[in-house]
Each structure stands twice: as C-alpha cells, then as structure tokens.
Protein chains: 2
Amino acid sequence: MDYSYMESYLKAISDHNRMLILKYLSKDSLCICEFTELLDMTQPAVSQHMRKLKTAELVTEEKRGRWTIWSLNVRHALYPMLIHLLSLLPEPEITVESLEAEGKKVVCE
Amino acid sequence: MDYSYMESYLKAISDHNRMLILKYLSKDSLCICEFTELLDMTQPAVSQHMRKLKTAELVTEEKRGRWTIWSLNVRHALYPMLIHLLSLLPEPEITVESLEAEGKKVVCE
DNA sequence: CCATTATATAAGTGTTTACTTATTTAATCA
DNA sequence: TGATTAAATAAGTAAACACTTATATAATGG
C-alpha cells in the first residue's frame with residue numbers, strides 16, 4: 001500500500017455525500033436512482049460519485065437490465081476499516097425502508 | 001461522531017505530504033524546521049499543513065523556546081485507527097536518523 | 001539593541017473538486 | 001417502432017486546495 005493509493009482511497013471517502021452512500025451500501029446494494037431519492041441529489045451527481053468510489057475500488061457494480069446495482073467491495077484490504085469507520089456514523093434520517101413505504105424502492109428484475 | 005467531523009478528519013489525512021508528516025510523528029515528536037528537511041518543502045507549506053492537522057485535532061503542539069514541538073494527538077477517538085492506517089504505509093526514505101547523521105536534527109532545549 | 005532563528009500569516013496562482021444543465025447511450029416495454 | 005427509463009458523459013462554474021513569495025511575529029543570543 002503506497003502513499004498515492006492511500007491518498008486516493010481516503011480522498012474517495014472524504015466527502016459527506018460519499019460517506020452517506022457508503023453507509024447505505026453497508027446495509028444494502030442499491031442503484032443510482034435510489035440514491036437520488038436517498039440523498040436528494042441529481043442523477044449525474046450521484047453517477048459521478050459512484051465513478052469516484054469505483055475508481056478507488058471501494059465499490060463494485062453489476063449491470064442488471066436497465067439498472068446498475070452497486071455494492072461495497074468486500075474484498076478490499078481496507079474493507080474492515082471502512083466498516084468500522086462507517087459504524088461510527090449515525091444512521092441517515094431517510095432510510096431505504098422509508099423509500100419502500102413511499103413505493104419508491106426499485107425492484108430490479 | 002457526525003458526518004461533517006468525519007469528513008474534516010479524513011480530508012486532513014487525505015494528502016500525500018500530511019500522511020508523511022503523520023508517519024514521522026508516529027515515531028517521534030518533531031518541529032516544523034525538521035519537516036522542511038524531511039519533506040524537502042518550504043517552511044510556510046509545512047506550517048500550513050500543521051495548521052490543518054491541528055484544526056482536525058490530529059496533532060498537538062507545545063511551544064518550547066523558539067521551537068514548536070508537534071506530536072500525534074494520542075487522545076483522539078480515531079488515534080488507534082490512524083496508527084493502523086499509518087502502519088500500512090512504507091517507511092519514508094529520508095529518516096530522522098539520517099538527519100541526525102547530517103547534523104540537521106534540532107535539539108530543542 | 002540588533003541580528004538571527006523558528007514559526008505564522010497574508011496574498012496570489014494554478015489545479016482539483018463537487019456540483020450544474022444538456023446530451024448521449026442503452027435497455028425495457030407498450 | 002417509438003416512448004420511457006436508468007445511467008453515463010460532456011461542458012461549464014464556483015469554491016476549496018496546495019502550493020508560492022513576501023512579510024510579520026516572537027524568542028534567543030551576541
């Protein structure tokens with residue numbers, strides 16, 4: 001693990017919205033359109049955040065029909081540290097469950 | 001620990017030169033003038049990095065005569081995680097010992 | 001007191017960041 | 001096929017960042 005890699009990794013985490021994204025992903029795999037609801041953010045903004053997280057190898061993506069399902073990269077060497085770090089952060093007010101209650105949860109099939 | 005605090009903390013670490021500074025501090029307390037040698041960096045640049053680290057509560061300073069001695073803040077909640085993180089990074093080529101050999105190590109008294 | 005030394009601060013600059021809106025790509029479905 | 005939906009990409013912008021040089025502050029020592 002060199003300094004450049006660590007710098008990129010930490011920079012990818014060091015953002016309020018990306019920490020929220022990672023916090024959500026620590027519970028569930030989700031798609032972009034769900035994050036736009038959860039974070040009240042435009043679709044390109046979410047998309048660009050996901051690209052940063054993917055470049056830093058924090059997340060993985062899986063295409064399923066129209067959707068792209070994003071997950072935490074559980075194989076990353078720093079995954080245990082990431083989980084610990086996320087555990088220190090409070091639960092977001094808007095939950096995936098509240099999206100489901102509003103019927104906004106996407107079911108990808 | 002809220003999202004803003006975590007963001008500031010991680011942003012403070014997410015820099016190549018500040019990671020080096022923290023790596024050095026994990027072994028020794030040091031002053032600004034030593035870092036200018038160790039990092040081959042101007043004094044104001046080092047000074048500004050230290051201010052960022054101090055604002056994020058990663059380091060503490062102690063004035064001693066003309067010098068300011070900087071140390072890791074061992075009382076920080078994330079100190080154990082920081083130490084683990086630093087342990088993953090390689091030792092810098094230029095060491096405090098090599099400074100001593102050149103007679104550039106400051107002895108503050 | 002004056003020169004030196006250690007550090008801090010100020011002001012300026014080029015680069016990066018996190019967004020925006022507009023458009024493109026690609027898959028689904030009526 | 002054509003409309004809709006999910007996501008990516010492009011281009012533009014304001015703010016933050018990491019430096020630079022110049023200067024100020026403050027302590028030491030001759």
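Among the protein residues, B:Lys52 comes within range of the sugar-phosphate backbone only, with heavy atoms under 4.0 Å from sugar or phosphate atoms but none that close to a base. Contacts of A:Ser47 with the nucleic acid, taken as non-hydrogen atoms under 4.0 Å apart, include base atoms. A:Met41 comes within 4.0 angstrom of the backbone, heavy atoms only, and of no base.
Note: CD (A:Gln43) to P (D:dA10) measures 14 Å, nearest angstrom. One atom, CZ of A:Phe35, and another, C1' of D:dA7, lie 14 Å apart when rounded to the nearest Å. Summarising the geometry, the separation between CD1 on B:Ile32 and P on D:dA26 is reported as 16 Å, rounded to the nearest angstrom. Atom CD in A:Glu61 sits roughly 17 Å away from atom P in D:dA6 (whole-Å rounding). Here C:dC19 presents its C1' atom at 16 Å from CG of A:Leu20, a figure rounded to the nearest Å. Between A:Arg51 atom CZ and C:dA18 atom P the separation is 12 Å, expressed in whole Å. Rounded to an integer number of Å, the gap from A:Leu30 CG to D:dA6 P is 14 Å. Rounded to whole Å, atom C1' of D:dA27 lies 14 Å from atom CD1 of B:Ile69.
Here the shortest heavy-atom pairing between A:Ser26 and A:Leu72 reads CA-CD1, 3.8 Å.
Note: A:His76 and A:Tyr5 have parallel aromatic rings, judged against thresholds of 30 and 60 degrees for the angle between ring planes.
Put simply, the side chain of A:Ser47 never gets that close to the backbone of A:Pro44: no donor and acceptor are under 3.5 Å apart. A distance-only check finds a donor-acceptor pair linking the side chain of A:Arg18 to the backbone of A:Ala12 [under 3.5 Å].
In terms of position along DNA chain C, the nucleotide closest to B:Thr68 lies nearer the 5' end than the nucleotide closest to the other residue of the pair B:Thr68 and A:His49. When each of A:Lys63 and A:Lys11 is assigned the nucleotide of DNA chain D with its nearest heavy atom, A:Lys63 is the one assigned upstream, toward the 5' end.
Picking from D:dT21, D:dC19, D:dT9 the nucleotide with the shortest atom distance to the side chain of A:Pro44 gives D:dT9. Checked against C:dT4, C:dA22, D:dT21, the side chain of B:Arg66 finds its nearest nucleotide in C:dT4. Of the listed nucleotides (D:dA6, C:dT7, C:dT20), C:dT20 has the atom at the smallest distance from the side chain of A:Gln48.
In this structure, A:Arg18 reaches the C:dA18 phosphate: one of its side-chain N or O atoms is under 4.0 Å from OP1 or OP2.
Between the side chains of B:Tyr24 and B:Glu91, not a single donor N or O lies within less than 3.5 Å of an accepting N or O.
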